[in-house]
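Some notes on the structure that comes next.
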Amino acid sequence: MAFGKGHHLHLVDGSAFIFRAYHALPPLTRKSDGMPIGAVSGFVNMIWKMIEDNKGPDAPTHAAVVFDKGSHTFRNDLYDAYKANRDEMPEDLRPQIPLTREATRAFNLACLEQEGFEADDIIATLACRAREAGGRCTIISSDKDLMQLVGGGVEMFDAMKNTRIDDEGVRAKFGVGPDRVVDVQALAGDSTDNVPGAPGIGIKTAATLINEFGSLDELLERAHEVPQPKRRQTLIEKADQIRLSKQLVQLDCDMALDYDLDSLEVREPVTQELLDFLTQMEFRTMTKRVSDALGIEAPVIRDQTDDGAAPREEAEQVAFPESYTWVKDTDALKDWIARAHARGYVAIDTETTSLNEMQALLVGVSLCIEPGEACYIPLGHKENAEADLFATDALSDGQIPFDEAMGLLKPLFEDPSVLKILQNAKYDCKVLARLGVQVAPVDDTMLMSYAMNGGLHGHGMDTLSERYLGHSPIPIKELIGTGKSQVTFDKVEIAKAVNYAAEDADVTLRLWHLFKPQLHRSHVTTVYETLERPLIPVLARMEMAGVKVDRNVLSRMSGAFEQKMAGLEDQIRELAGEDFKVSSPKQLGEILFDKLGLPGGKKTKTGAYQTGADILEDLATEHELPGLVLDWRQVSKLKSTYTDALQDHIDPETGRVHTSYSIAGANTGRLASTEPNLQNIPIRTEEGRRIREAFVAPEGRTLVALDYSQIELRILAHIAGIGELKQAFKDGQDIHALTASEMFNVPLDQMTPEIRRQAKAINFGVIYGISGFGLARNLRIPRDEAQGFIDRYFERFPGIRDYMDETVKFAKEHGFVQTLFGRRINTPEINAKGPGAGFAKRAAINAPIQGTAADVIRRAMIRMEDAIADLPATMLLQVHDELLFEVDQGAEDDLVKAAREVMEGASLPAVDLSVPLEVDAGQGATWAEAH
DNA sequence: GTACTCACG
DNA sequence: GACGTACGTGAGTACG
């Protein structure tokens, strides 16, 4: 039967429900995976209540829930500022939107939305059709924009206040009947939707005017008759704006819809579908309520969860237990593994013999299923632990045979349906990967903290535990000792190891429960999911691959350096007239300034003379000795830090050097390379650069290096919107020469290297948060001259100064700055007083630029593995703006092509830079040649 | 453990 | 008006 007299249509303003539910409820999360579901929970409750309340004689015969879709509607075409003042949707709400659609369908209610239209227009069209058909319509909403629809069988119902709004209700609100609501709104405007209206006229005045003149058209036509001069002037001057406002508030009652009223007939919910949805959301209370109403038994939701419970982090903390479980046999282990499978997540931690993942042997594994409930599975503890003298290789009792235990653990660790939660996951993943176990999927509490709290504090387990759990874990030193008497973990008595190791897993799980919902609220879920988490396996593989280093090349260089140093030391002693340690800044300072009486002895804050390279360079004009010390220092540095130390890092098994990247080390998002640091291998001086000749490709392979050209300056040009710089990058011009030309009014064809050098220093200075002092020191020119350069630069590129001012302002207001990809860098010192303020300011200016560049190369690295999967190539190293690969001879060009494409497009699709990213490539048998 | 110096982007 | 400053790292050495 077609919709008509006697039928009653209910239209629910679904989008309004969602926002109301979101703001009314605390940020609840689904227990199993931390998914935010507060708004979904509230939404479901509201829908359920509505259904229950509307049973009886006046029950709806037809119903639908209507949603907004798309942010751009025809109203934006009329007026681009429409709803422009709306805040971005909160990050923890966004993923819930699709779930509200699912919820609607689960209730077997029609779920209506149409691209480019607001829910209001769909509601208007349907309400009008219902009225025309002679039926009734109730709009469940309190949105005043919908009040224009009331009348002729159409009413509204405010679900929160539980009141009906009819003709009378509209008059009470607007002072006019529903047919004139639009006129009043057009005059009064609406600040929440950014509808301008007539300035100075609110609802009260608007209603008076409309009632007096009859309609808006009439009023505007006879505006000159309005007695109040100010009001009259406004109406005459702003007539166009008022007419536009009317178009904006006028709902479209004649939308082309893909469905008719008849298709909205009320259907009973399909019990199974509804309960499936509710259990999937882990809404225990609602599941029970619905089951009771339907007279069936409620399905069991694993892991008791109450959707009305307090948010996780406010829940009472379970105390840390005195002791944990020692898993001694396979039955006990199987039981723990089964519990982890049932739970769907498990916190794990490994104990090993070394901090170096490449050499570390697995000694034990701990698991934690819920706070306070953790176990340790010892696997490699040695007998006679404490008595070194009698230590044997025999394993002590109470341990499952290694292979048997790993055979049971491996399926759990590799199960895609069980989330593994770790602190600094890369470490454990590498140790386990060497045993043939590929741990996935993984969450990392260290990286969660880094994404949220970068810049505030470190992200080690002890720091996090003390700060966020108020609990100091057992220090490792209590087990293995310190210094000379330190032992490896396999020598630790199992009974002691259990409580230490299991506690770490317990702490990790508790941190995860705390952090997971916070990620959404801190708006860094995307950063964590796209820039942190996926990097773990990529870096793990790079580190395990390592880079081949030729020991012979290094040791030859070491010998040469040693001789050179000895020669320099002789000369230095001669000039000083006495023997002293050249490597001691303290002794050197005394020789230079006290004994030889050289000028300009500046003291450090500890009272010692400064003997840095810049000071010695100045002194080199006065005396021969400082120059010799500089030479000595350079050689000494090369020998001790590179040619000697690097040899110690060659892995005896692989013959390669395996660095470790810390993902959460640098505040800006950059990686940091340690043990050894391969991101500071010399290149600037000819002698230092030769160290790179020791980094070689193995037989049949080639090293290929690709690096971003001027990436930070390009990002600055984009962020600050400097048209000239952007154009120069697009045209492939020499950016420093162009800057020089603009600043000093020198045509490009008359550019001298000296002027270009100065411009280059300024460009870099800008990235660092330029100061007259810093530039003066760098260029070795007087301060006022440097300041003059800076003034001229800002005059020429005012956008840069604007960027700096805005960034500092943002930091002061919010306590953090952001990269283009949303990475947050906290700036806790930004409002400090004293000299620290300057530091924090410059760091805040630099962070978005350096950080965005770091994000770009992270994105490239994450995509790189797939992009080169078909090539015989391996990604080995990252040096901030450079990636080093090893590839079979013959495939070099294919690699360059594929890798370049990934790197140049790495910002897309998230960020479409207005400058091109360019990548330079080189190749050769050694890193020196490849660069 | 801290200070200083110096290698890199 | 004086003061003190380029941004981000890791590591080796001296010294208390």
Side-chain angles (χ1 to χ4, degrees), chain A residues 454-455 482 580-589 602-616 629-630 632-646 648-649 659-662 665-685 687-689 691-692 707-713 716 761-779 783 786 790 804 817 825 827 833-851 853-854 857 877-882 931:
Chain A
T482 56
F580 73 101
K581 252 186 162 6
V582 185
S583 58
S584 165
K586 187 167 170 264
Q587 293 181 31
L588 174 65
K602 277 191 290 183
K603 297 274 184 89
T604 65
K605 54 191 165 193
T606 53
Y609 287 112
Q610 289 182 355
T611 65
D614 47 350
I615 308 259
L616 297 188
V629 173
L630 280 171
W632 182 92
R633 278 199 183 156
Q634 199 200 359
V635 179
S636 162
K637 176 84 176 177
L638 292 175
K639 180 173 186 296
S640 67
T641 308
Y642 300 105
T643 57
D644 287 351
L646 223 38
D648 298 337
H649 281 102
T659 184
S660 178
Y661 289 101
S662 54
N667 284 335
T668 52
R670 274 194 180 179
L671 301 178
S673 161
T674 64
E675 284 184 299
N677 181 356
L678 294 186
Q679 290 182 321
N680 71 345
I681 303 301
I683 193 168
R684 290 174 187 168
T685 66
E687 196 161 30
R689 182 190 283 251
I691 306 275
R692 294 185 177 226
D707 68 288
Y708 283 108
S709 159
Q710 313 276 17
I711 186 168
E712 292 191 350
L713 270 180
L716 174 67
I762 295 168
N763 276 333
F764 278 105
V766 164
I767 292 172
Y768 298 150
I770 201 161
S771 75
F773 181 92
L775 183 65
R777 202 174 69 168
N778 191 292
L779 283 178
R783 245 190 92 165
I790 294 170
M804 292 182 159
V817 292
I825 297 118
T827 56
K833 299 257 183 293
F839 272 118
K841 232 166 115 171
R842 291 190 296 271
I845 291 167
N846 172 260
I849 303 167
Q850 188 180 116
I857 197 164
L877 299 178
Q878 188 248 43
V879 192
H880 309 309
D881 64 358
E882 168 186 357
H931 204 281

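- Between A:E712 and A:R670, at least one side-chain N (NZ, or NE/NH1/NH2) sits under 4.0 Å from a carboxylate O, which counts as a salt bridge.
- Within 4.0 Å of A:L678, counting heavy atoms only, lies no atom of the nucleic acid at all.
- Remark: C1' of C:dG8 and CD1 of A:I849 are 12 Å apart, rounded to the nearest angstrom.
- Contact annotation: A:S583 side-chain N/O to C:dG12 OP1/OP2 distance is not under 4.0 Å.
- Note that CD1 of A:I711 is 13.0 Å distant from NE2 of A:H880, once rounded to the nearest 0.5 Å.
- For C:dT5, the base has a donor-acceptor partner in the side chain of A:R842 [N/O atoms by modelled type, under 3.5 angstrom].
- If you check B:dG9, C:dG10, B:dC8 against the side chain of A:P682, the one that comes closest is B:dC8.
- Put simply, CZ on A:R783 and CZ on A:R777 are 12.0 Å apart, with the number rounded to the nearest 0.5 Å.
- At whole-Å resolution of the value, CG in A:D881 and C1' in B:dC8 are 10 Å apart.
- Using a 4.0 Å heavy-atom cutoff across all strands shown, A:E675 reaches sugar-phosphate atoms only and no base atom.
- When rounded to the nearest whole Å, the span between CG of A:D707 and C1' of B:dC8 equals 13 Å.
- Paired with A:R633 under the rule side-chain contact (heavy atoms from CB on, under 4.5 Å), one option of A:V582, A:T611, A:L638 passes, and it is A:T611.
- Base engagement by A:A761 is indicated by at least one non-hydrogen atom pair under 4.0 Å involving a base atom.
- The side chain of A:K581 places no N or O atom within less than 4.0 Å of a non-bridging phosphate oxygen (OP1 or OP2) of C:dT13.
- Taking a pair to require two hydrogen-bonding distances under 3.5 Å in either a Watson-Crick or a G-U wobble arrangement, C:dC3 remains unpaired.
- If you take CG of A:L646 and C1' of C:dA11, they are 12 Å apart, rounded to a whole angstrom.
- Across B:dT5, B:dA7, C:dG8, the shortest atom-to-atom separation from the side chain of A:T611 is found for B:dT5.
- Heavy atoms of A:A613 sit under 4.0 angstrom from primed sugar atoms or phosphate atoms, though from no base atom.
- Taking side-chain N and O atoms only, A:R633 has a distance below 4.0 Å to OP1 or OP2 of B:dC6.
- Closest contact between the side chain of A:R692 and the listed nucleotides B:dC8, C:dC7, B:dA7 involves B:dC8.
- A:I767 comes within 4.0 angstrom of no nucleic acid atom, judged by non-hydrogen atoms across all strands.
- Residues A:N846 and A:I767 form a side-chain contact, since some pair of their non-hydrogen atoms from C-beta on lies under 4.5 Å apart.
- Residue A:Q587 places at least one side-chain N or O under 4.0 Å from the OP1 or OP2 atom of C:dC15.
- When both distances must be under 3.5 Å, the Watson-Crick or G-U wobble mate of C:dG10 is B:dC6.
- When the C1' atom is compared between C:dT5 and B:dA7, the two are found 22 Å apart, to the nearest whole Å.
- Atom CD of A:Q587 has more than 12 heavy atoms from other residues, nucleotides or ligands within 6.0 Å.
- For C:dC15, one of the phosphate oxygens OP1 or OP2 lies less than 4.0 angstrom from a side-chain nitrogen or oxygen of A:S584.
- When rounded to the nearest whole Å, the span between CG of A:D648 and P of C:dA11 equals 13 Å.
- As rounded to the nearest Å, B:dC4 and C:dG4 have P atoms that lie 14 Å from one another.
- A:F773 places its CZ atom 17 Å from the C1' atom of C:dG1, with the value rounded to the nearest Å.
- Protein atom CD of A:Q634 is 17 Å distant from nucleotide atom P of B:dT5, rounded to whole Å.
- With hydrogens and angles left out, the side chain of A:R684 and the base of B:dG9 share a donor-acceptor pair within 3.5 Å.
- If you check every strand for non-hydrogen atoms under 4.0 Å, A:A645 touches sugar and phosphate atoms only.
- Distance from the side chain of A:T668 is smallest to C:dG8 among C:dG8, C:dA11, C:dG10.
- Judged by atom type and distance alone, A:R783 reaches the base of C:dT5 through a side-chain donor-acceptor pair under 3.5 Å.
- Between C:dA6, C:dT9, C:dG8, one nucleotide has an atom nearer to the side chain of A:Y768 than all others, and that is C:dA6.
- The interatomic distance linking A:K637 (NZ) with C:dG10 (P) rounds to 13 Å, in whole Å.
- Within the shown strands, nothing qualifies as a pairing partner of C:dG16 under the Watson-Crick or G-U definition with both distances less than 3.5 Å.
- Within the 4.5 Å cutoff, the side chain of A:H931 has no heavy atoms near those of the A:R689 side chain.
- Within the 4.0 angstrom heavy-atom criterion, only backbone atoms of the sugar-phosphate kind lie near A:G612; the bases stay farther away.
- Side-chain N/O atoms of A:N778 include none lying less than 4.0 angstrom from OP1 or OP2 on C:dT5.
- Comparing B:dC4, B:dC8, C:dC15 by their closest approach to the side chain of A:P585 singles out B:dC4.
- For the pair A:N680 and A:Y642, the minimum side-chain heavy-atom distance is below 4.5 Å.
- For the P atoms, the distance linking C:dC3 with B:dC8 amounts to 34 Å, nearest Å.
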